[in-house]
There are 2 protein chains.
Amino acid sequence: MVNIDFPGALIYLPISSLRKRNMRPNKRDELVRKALKVFYRNGFHATGMDKLVVETGVSKTSMYKHFRTKEELILAALRLRDENFRNWLYRRMEEGADTPKAQLLAMFDALGEWFSEPEFQGCMFIKASAEYQNPKDPIHVQAAEHKRLISEHIREIARASGAHDPEDLSDQLMVLAEGAIVLSVMNVGGDQAAIAKRAAIALIERALTPHDLQG
Amino acid sequence: MVNIDFPGALIYLPISSLRKRNMRPNKRDELVRKALKVFYRNGFHATGMDKLVVETGVSKTSMYKHFRTKEELILAALRLRDENFRNWLYRRMEEGADTPKAQLLAMFDALGEWFSEPEFQGCMFIKASAEYQNPKDPIHVQAAEHKRLISEHIREIARASGAHDPEDLSDQLMVLAEGAIVLSVMNVGGDQAAIAKRAAIALIERALTPHDLQG
DNA sequence: CGGTACATTTACAGATCAGTAAAGTTTACA
DNA sequence: TGTAAACTTTACTGATCTGTAAATGTACCG
C-alpha cells in the first residue's frame, strides 16, 4: 500500500485527483491540515472527533474512512507538523548564514522569530510526548523521532564547524534550544531565544578555540 | 482568603476552621497525595474521577466535598508536587556544596539522579502547561509559577557566586536544566544531565572570569 | 444515649468519548 | 450518460466524562 499520509508524497498523486473547485486539494490532506491546527491549539485528549467534525467540516464517517483510529489521525498530523517545522527551521538556518558557526547561531534567531509569533503555541512534539508519556506509545515515539532528526541535523553542522567535540557541542545546543522553548511557553523570564543564543555563542566559541589557548 | 490548600499551611489553621469547612486535613491530604501519583503517571485529561475513586479508595462524593471541581484537585496536587520537588532540589543543592558555584553545579547532579530514577516521569509542570496551554488557565499559571520560583532561587545563588551578570547566568542555567528535562523524557541522545552540566561548567567558569582575561 | 459531622454506597444526570451502520448524494471519468 | 468511488447525513452503540442526589454507615462528643 502506498503511504499517502506523508504530505511530501501527495504531489506525486495524479493532478486529476486534485482538480475541480479552485484546485482544492485532497479532502484527506485538508483534513490533516485542519486537524493539525485543532490538535495543536486544543491538545490531543481535549479534542474529540465530534469537535473535529465541526472544525474541519469533514464528516465523521469520512474521517474514519481515511484513518482507522484517532491515533492514526494524530500521527498523520504530527508527520505534517514535522515536515513543516523542519523545512522552516532548516531554511531559516541556511538563509544568510555562510559558515557552519553562523548556521548554528541562526537556529536561535529562528527560535526567536517563532516565539514572537502572536499565535505561538509551543512545540507540538513536547506536548505530544507529555500527553502520551509511555515511551512505547507510537505518538511518543514519533514525537521523539522529530527531536532526533533535528538533533542529527545540528550534529552534522557542528561536525562541519571544526569544533573539537562536535557531538558534545550539538548535544549542548539542543539542550539550549529545548529549554528555551519550554520556558518561552511558560512565559518565565524574558527573551529565552536571546538568552539561549548568548549561551550558545559562549559554547561555540569555546568549542572552536584550540585547547592550548583555553584557561 | 486563607490558602488552606497548601499542605504546609494546614498545620497553622485552627481546628475549628477546618470543622466549619468540613475538612479533615489527614483524609484530604491523603487524597491529594494519591491523586498526585495518578495524575503524574497518567496525565490530567486521561485521568477521570472514576479512576481516582478506584486508585485512591476515596469515594467520589467525598472528593467533591473536598474539591468542588477536578481542576481544584489538580491545583492541589500541583501545589503538593511543587513543595516536594523544590524541597528535594534545594536540599540536594545544599548538601556537600560549600560554594555558590558548587551549588549551581549540584543542580545538574540532582537532575541526573532524578532522570535515573526507574520511575522517572518527567516534569509534572511541563506536562501540566502542555495539557492546559491557555496562559490564563489557573493550571498553566500555577505550573509557570513553579518554574519562576526555581528560577528565582537559582538567581539568588548566582548573585552570591560573584558572576558579573548573575541574572544572565541564572537564566542560561535554567534553560539548560529545562532542556535536559525535555530531552531526557523523550529519550533523545545520551545523559542529558551530564551534557547540561558540561555546558553549565563552561558558562559558569566564563561568568566568573574577569572580562580582561577573556579572549 | 443521642446528636452531629463526616464518610460511605448506590444510583443517576446529561454530556461527550471513540467508533460504526445504513442509505442517500455528489463527483470523476470513461 | 452510466457507473463506481468518494463523500455526505442520520442515527446509533456502549463506554466514559464531570458532577450530583439520596440514603445509609460510623466515629466522636456532650
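Side chains are part of it too, since the values below use all heavy atoms of this structure and drop only hydrogens, waters and symmetry mates. Lettering of chains follows the sequences in order, A, B, ..., and the numbering in each one begins at 1.
Checked for salt-bridge contact, A:Arg68 and A:Glu72 meet the test: a charged N lies under 4.0 Å from a carboxylate O. Looking at A:Arg92 and A:Asp109, no side-chain N of the basic residue comes within less than 4.0 Å of a carboxylate O on the acidic one, giving no salt bridge.
Figure legend: cation-pi geometry between B:Arg28 and B:Phe67, with NZ or CZ positioned under 6.0 Å from the six-membered ring centre and within 45° of its axis.
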Summarise protein proximity over nucleotides 14-25 of chain C in one line of letters, 5' to 3': B for base, S for sugar-phosphate only, - for none, counting protein heavy atoms closer than 4.0 Å. ---SBBBBB---

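Listed pair A:Ser59 / D:dC7 fails the phosphate criterion, with no side-chain N or O lying under 4.0 Å from OP1 or OP2. The phosphate of D:dC7 (OP1 or OP2) has a side-chain N or O of A:His66 nearer than 4.0 angstrom.
For B:Ser151, the side chain to side chain donor-acceptor pair (under 3.5 Å) test picks out no residue, with sequence neighbours left out. Every residue two or more places apart in sequence or in another chain that forms a side chain to side chain donor-acceptor pair (under 3.5 Å) with B:Ser62 is listed here: B:Ser59.
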